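All values derive from a computational prediction rather than experimental measurement. Atoms within a ligand are numbered from 1 in the order they appear, just like the ligands themselves. FYI, side chains are in, hydrogens and waters are out, and symmetry mates aren't considered; it's all heavy atoms of this structure. We're numbering straight along the sequence, starting at 1.
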Amino acid sequence: MTNVRTGPRVLELYAGIGGVAASGANVVAAIDHDEAAHRTYTASWAHPAHRLNLVSVRAERLAAFEADVWWMSPPCQPFTVRGARRDLDDRRCESLVHLLDVVRVVRPRALILENVPGFEGSQAHAAVREALDGYALHERDWCPSALGVPMERRRFYLVATAEPVEPTIPVLPLRPLAGFLDARPDPAMALDAGFLDRFGDALHVVDADDPRAVSACITGAYGRSPVYAGSYLRRDGGLYRFSPAEIARLMGFPAHLALPTDVRRATKLLGNSLSVDVVRWLLGEIGALGRRPTPGAPLR
Ligand SMILES: C[S@@+](CC[C@H](N)C(=O)[O-])C[C@H]1O[C@@H](n2cnc3c(N)ncnc32)[C@H](O)[C@@H]1O
């Protein structure tokens, strides 16, 4: 692990396993309160990762990182279609509400927030927009499948900058799923007969040899929740779960990502993370992967 990155300084909040760090951005610090995520983060990335609860972090502490760009991926459960959608009444929104007060004080040069599509139009969304008064806002859903990744992961992104930016996303040719798979299927990932008897008809299955195959979004519940948490793989005459290494490749992480050996834990961390391809594209579009801008100048 070396840390020779240059470019605008990025603060990765709700850092998880480091979807922003994996993009190549010059992350100067990361914060997350979860122990397993923190262990993976510190074993994978050279810059400091702080295990802290953001609900009470002080403005001075975040300002001291002198970051140009703040990245925020707050918990999505208050906004998911399958959850209770309690929005700001969900306690998991408390840290976001606190951070919005901090943002009003520190005013980073740019801020990107990522969440599930259900965030759009929520009370939390309105609170974010209010706190970002004076910034130019650009909001839209992005999916890595547009960048040629054979996996759906549509997410809402809000980009706040000093000057208006209009990030564009190219539509790139689909890369074959086979290129993301382990050399041989892991027998431990094979679906057993009992599982197939119960859920076989409800599974979304993709064929490893199909060059047009696109996996459904693999969420943190994959492996726990049999349906609607991601696709299964038909390969060599059998049916398999995607292995953590395969999910990591689809999410755009490098091979050195130090995931837990426990498959469920690894899958949960990956399923809660970010599409690194989209992060890289978006940061590139706002000029946050290049040289550090001159002080006071807009990022673009
Ligand atoms: C949707 S995940 C973001 C994952 C991350 N973007 C990644 O690349 O892996 C939300 C993260 O926020 C963290 N989190 C939730 N509430 C928090 C809080 N109050 N303080 C610090 N971290 C928190 C969770 O532990 C989880 O890792």
Visitor: For S273 and ligand 1, does the shortest N/O to N/O distance drop below 3.5 Å?
Guide: yes
Visitor: Mind checking whether L52 contacts ligand 1 via backbone (N, CA, C, O), side chain (CB onward), both or neither, at a 4.0 Å heavy-atom cut-off?
Guide: backbone
Visitor: Which atoms of ligand 1 are found less than 4.0 Å from any heavy atom of A15?
Guide: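 Going through ligand 1 atom by atom, the ones under 4.0 Å from A15 are 5 (C), 7 (C), 8 (O), 9 (O).
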Visitor: Could you say whether the N/O atoms of P75 and ligand 1 ever approach to under 3.5 Å?
Guide: no
Visitor: On the 0 to 90° scale, with breaks at 30° and 60°, tag the H47-Y41 ring pair as parallel, tilted or perpendicular.
Guide: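 H47 and Y41: perpendicular rings.
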Visitor: Which is it for K268 and D34 under the salt bridge (charged side-chain N to carboxylate O under 4.0 Å, His left out) test, yes or no, and what are the steps along the way?
Guide: CA-CA 12 Å; K268 185 172 175 205; D34 182 72; over 6 Å; no
Visitor: Just going by heavy-atom distances, which of D34, N272, D32, L274 is nearest to atom 26 (C) of ligand 1?
Guide: D32
Visitor: With a 4.5 Å cut-off on side-chain heavy atoms, are F242 and S231 touching?
Guide: yes
Visitor: Distance under 4.0 Å to a non-hydrogen atom of S95: what atoms of ligand 1 satisfy this?
Guide: 19 (N)
Visitor: Polar contacts were defined as any N/O atom of the residue lying under 3.5 Å from an N/O atom of the ligand; does this apply to G19 and ligand 1?
Guide: yes
Visitor: C76 near ligand 1, heavy-atom distance under 4.0 Å?
Guide: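 In this structure, C76 fails to qualify as a contact of ligand 1 - no heavy atom is under 4.0 Å.
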Visitor: Check whether any side-chain N or O of N115 sits under 3.5 Å from a backbone N or O of P74 as a donor-acceptor pair, and report yes or no.
Guide: yes
Visitor: Return the residue, atom name and 0.1 Å-rounded distance of the protein heavy atom closest to atom 3 (C) of ligand 1.
Guide: Y14 O, 3.4 Å
Visitor: Give the atom numbers and elements of ligand 1 that come within less than 4.0 Å of a heavy atom of N53.
Guide: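 Counting atoms of ligand 1 from 1, those under 4.0 Å from N53 are 18 (C), 19 (N), 20 (N).
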Visitor: Considering both backbone and side-chain atoms of I17, is one of its nitrogen or oxygen atoms within less than 3.5 Å of a nitrogen or oxygen in ligand 1?
Guide: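 N/O-N/O distance below 3.5 Å exists for this pair.
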Visitor: Measure the acute angle between the ring planes of W142 and Y157, then classify it against the limits of 30° and 60° as parallel, tilted or perpendicular.
Guide: perpendicular
Visitor: Count the heavy atoms of every other residue, nucleotide or ligand shown that sit under 6.0 Å from CG of D201, and state whether that count exceeds 12.
Guide: no
Visitor: Which atoms of ligand 1 sit under 4.0 Å from any heavy atom of G16?
Guide: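 Answer for ligand 1: 4 (C), 5 (C), 7 (C), 9 (O), 27 (O).
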Visitor: Hey, are S243 and D182 close enough side-chain-wise for a donor-acceptor pair under 3.5 Å?
Guide: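 There is such a pair between these side chains.
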Visitor: Identify the closest protein heavy atom to atom 20 (N) of ligand 1: which residue and atom is it, and at what distance?
Guide: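 It is L54 N, 2.9 Å.
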Visitor: What protein heavy atom is closest to atom 10 (C) of ligand 1, reported as residue, atom name and distance in Å?
Guide: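 Here the nearest protein heavy atom works out to S73 O, 3.4 Å.
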Visitor: What class does the angle between the rings of H256 and W45 fall in, given that below 30° is parallel, 30 to 60° is tilted and above 60° is perpendicular?
Guide: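 Geometry flag for W45 against H256: perpendicular rings.
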Visitor: Please write down residue, atom name and distance for the protein heavy atom closest to atom 22 (N) of ligand 1.
Guide: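 Result for atom 22 (N) of ligand 1: H33 N, 3.1 Å.
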Visitor: One pair to check against side chain to side chain contact (heavy atoms under 4.5 Å, CB included): L172 and L147. What are the steps and the verdict?
Guide: CA-CA 5 Å; L172 299 180; L147 288 166; 4.0 Å; yes
Visitor: Ring pair (Phe, Tyr, Trp, His ring centres under 6.0 Å), that's the test. Do H125 and F79 meet it? Break it down for me.
Guide: CA-CA 10 Å; H125 182 197; F79 315 103; 9.6 Å; no
